[in-house]
Structures are given as structure tokens and as C-alpha cells.
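Shown next, in C-alpha cells, is the structure this report addresses.
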Amino acid sequence: MQIGIVGAGMVGSAAGYAIALKGTASKITFVDYNADLARAQAEDIAHAVPFASSTVVTAGDYKDLKGAGVVILAAGVGQKPGESRLELLARNAEVFRQIIDKVLDAAPDAILLVATNPVDIMTQIATRLSGLPPQRVIGSGTILDTARFRHLIGEHLGVSARSIHAYVLGEHGDSEVLGWSSARAGTLSIKEFGAQMRVPLTAGVKARIDDGVRNAAYTIINGKGATWYGIGAGLERLLRAITRDEQTVLSVSIVTPKVEGVNDVALSIPRIVGAQGVVADLFPELDDGEHEALGASARLLKQTLDALDY
Ligand code: ADP
């Protein structure tokens, strides 16, 4: 499948690099309003391809997205000094206003994968601007938070993260909800698994994992200014579920008709992803505290969206 990546900055290029190395797409076309950057990223990544796959990597204009089955939206602007989160959001909404029509003119059948932060709000904006059904406008959401959650649980229990089924729900951000009560290792609850393996999941362990999931990005930002490899690999994983029609369960963000009493809000819950995009939503079993936290996350996102006049 041919794909496009609009926004050839750190996140867009890291996604392109992961996709090219794994050969997940037959062709990647980078588009950026900084055409020199798009060309440079495409060339640099193309030079890695002979060691790994046969993906063609190029840069171009929107019209070159013709035939793309998926377009990753990673374009955005950085925060100016003194700028509020909402003002930044308004400028990123404007970026999407400039981009989305042009993407759909060239590739009307594309599924849009949204990576620009704040990803849930940007997914909601992209859905509205594109007029596409929500199932075809998918934000990377908590895909990375979920991977980290599983990694930390697996590390504590002494079992591969691949044997952990656990999800981070809600906003990709401070209000996200770690789904402890439904987390399983193999077929056991993680509590039972911890007891049998003599590595109990104490309140202290849970607090440490919670902190590790919630604050991972801040630690990375302190050290290197931004994050890109993790989300780049997450976008490759999401794309692979589409290109291979996997029907895989991933925690991704789409506009959801009703979450904890909040209507039409984009946030993450586990969903089945295949060639048509999201084919089903899976509402996890939650305890009372998690229900409440997910509701608060949904309300917070909705309030931000309502405050944004776009
Ligand atoms: P991130 O770390 O999120 O990837 P970057 O600033 O590195 O952030 O990348 C964002 C990219 O989006 C930049 O390369 C920038 O040129 C691009 N961009 C910003 N606005 C537009 C736009 N209107 N059209 C196309 N690309 C854009």
C-alpha cells in the first residue's frame, strides 16, 4: 500500500523510518510546507532502505498523495513563548484546515492517521474537517501509553509484555486512565499472577508503574526536548494493522458516540483495527474509580473542544 506522511518533522520522519525499515508500505510520500525538509527526510530514510526492505521513499506535493491508502497527519506548530495551550491548539487546527482538503482531493479514499498533539482534540478536528466517518480518522491516542503500561507490568511480573493484556484509556495526556482492574497476564488477573509468582502487585508497585506510564514523556522531554521514536513505532504498528487487515485490538482514539455519558468525544478505548479502519469499539470492564476517571477525562476533552472556536 502507498501511504503519505504530511509533516516531515521529528514524529513524521520517525514514523516514516519505522515504516520503511519494516517494509509496511510499498511507497511513502512525505509532504511538508518546508519542501526542503521533506526532501531531505525522504532521502535520508531512502538511504536506510537497502539494508532493510523495498519501500520507495519520496517527497512531493499534495497531488503526489494520489493513490495513498493511508495518510499520516504529523504536521503541527510548536508552542510560542507565553502562548496558552488553547492558542496553540487554535493554530494547529488552522494547520489541519490548510491540509485536510488537499489530502482528500488527492486521496479521497485514504484513512487518516492523526499523530499531531494534543492528539484526541486534533482527531476530533480532523474528523469534522474531513467529513469522513469517524472509523476512518484514527488518532494514535494511547497506543504508546498502553505499550509502556504493558512493559512495566511485564517487567514487574517477570513475563513478556506480549503476554500482558492491559490498556490505557481516555485522553493521551494527564487525565489518562490506567485500566488496572481489567489487566490480565496470560489468562490470570495480574493480581493473581503476581501472587502465584510471588511478586505481589502492592500499592507501591502500582504507584511506581502509574508514574512510569504517566510521566514517561516528561522525562524524555527534559532530556531531549521532544519524543519521536516511540510514537513513530506506534504509528507503524497501527498502519500494519490496516495494511494487513489484522483485526487487531489497539487502544486508539476516534470520535465515539457516547463515553460515560459524554457524547461525540475522541479518546482512546480498545478498538478492533483492520483494512477499513476501526471496525468495532470494545468498552472494557472498569471498576467504579476507573469509570469515574474515564468520565472526567471525556468531560475534560469535551470542554477543551467547546472552548476552541473552529
Ligand atoms: P513533531 O515533533 O511533532 O514532529 P516538528 O515541529 O518536528 O514537530 O514537525 C512538525 C512539522 O509540521 C514541521 O516539519 C512543519 O514544517 C510541518 N508543518 C507545519 N505546518 C504545516 C502546514 N500547514 N503544512 C504542512 N506542514 C506543516
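As the structure lists them, so they are numbered: ligands from 1, and atoms in each ligand from 1.
Among protein heavy atoms, the minimum distance from atom 3 (O) of ligand 1 is reached at Val11 CG2, 3.8 Å. The closest protein non-hydrogen atom to atom 25 (C) of ligand 1 is Tyr33 N, 3.3 Å. Nearest protein heavy-atom neighbour of atom 13 (C) of ligand 1: Asp32 OD2, 3.5 Å. In terms of protein heavy-atom proximity, atom 2 (O) of ligand 1 is nearest to Met10 CB, 3.7 Å.
A donor-acceptor pair shorter than 3.5 Å cannot be found between the side chains of Asn92 and Glu94. Residues Thr142 and Glu176 bring no donor and acceptor atom of their side chains to less than 3.5 Å of each other. For the residue pair Asp174 and Tyr218, a side-chain donor N or O sits within less than 3.5 Å of a side-chain acceptor on the partner.
Numbered from 1 in the order shown, with element, the atoms of ligand 1 that lie under 4.0 Å from a heavy atom of Leu37 read 14 (O). Counting the atoms of ligand 1 from 1 in the order shown, those under 4.0 Å from a heavy atom of Tyr62 are 24 (N), 25 (C). Atoms of ligand 1 lying under 4.0 Å from any heavy atom of Val95, numbered from 1 in the order shown and given with element: 20 (N), 21 (C), 22 (C), 23 (N).
At a heavy-atom distance under 4.0 Å, only side-chain atoms of Gln98, from C-beta outward, approach ligand 1. Of the heavy atoms in Asn117, none comes closer than 4.0 Å to ligand 1. At a heavy-atom distance under 4.0 Å, atoms from both the backbone and the side chain of Ala75 approach ligand 1.
The salt bridge (Lys or Arg N to Asp or Glu O under 4.0 Å) search around Glu236 returns Arg240, not counting sequence neighbours.
Contact annotation: Phe96 has no heavy atom less than 4.0 Å from any atom of ligand 1. Ligand 1 lies within reach of Gly76, whose nearest heavy atom is under 4.0 Å from it.
For CD of Gln276, the number of neighbouring non-hydrogen atoms (other residues, nucleotides, ligands) closer than 6.0 Å is 12 at most. Applying the 6.0 Å contact sphere to CZ of Arg208 captures more than 12 heavy atoms from other residues, nucleotides or ligands.
There is a path of hydrophobic side-chain contacts, each under 4.5 Å, that joins Phe96 to Leu112.
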(request) May I have the step-by-step check of salt bridge (charged side-chain N to carboxylate O under 4.0 Å, His left out) for Asp36 and Arg39, ending in yes or no? (result) CA-CA 5 Å; Asp36 287 343; Arg39 212 172 305 120; 3.3 Å; yes

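In this structure, atom 8 (O) of ligand 1 has its sub-4.0 angstrom surroundings free of protein heavy atoms.
For Arg271 and Phe283, the positive end is not near the middle of the six-membered ring at less than 6.0 Å and at most 45° from its axis.
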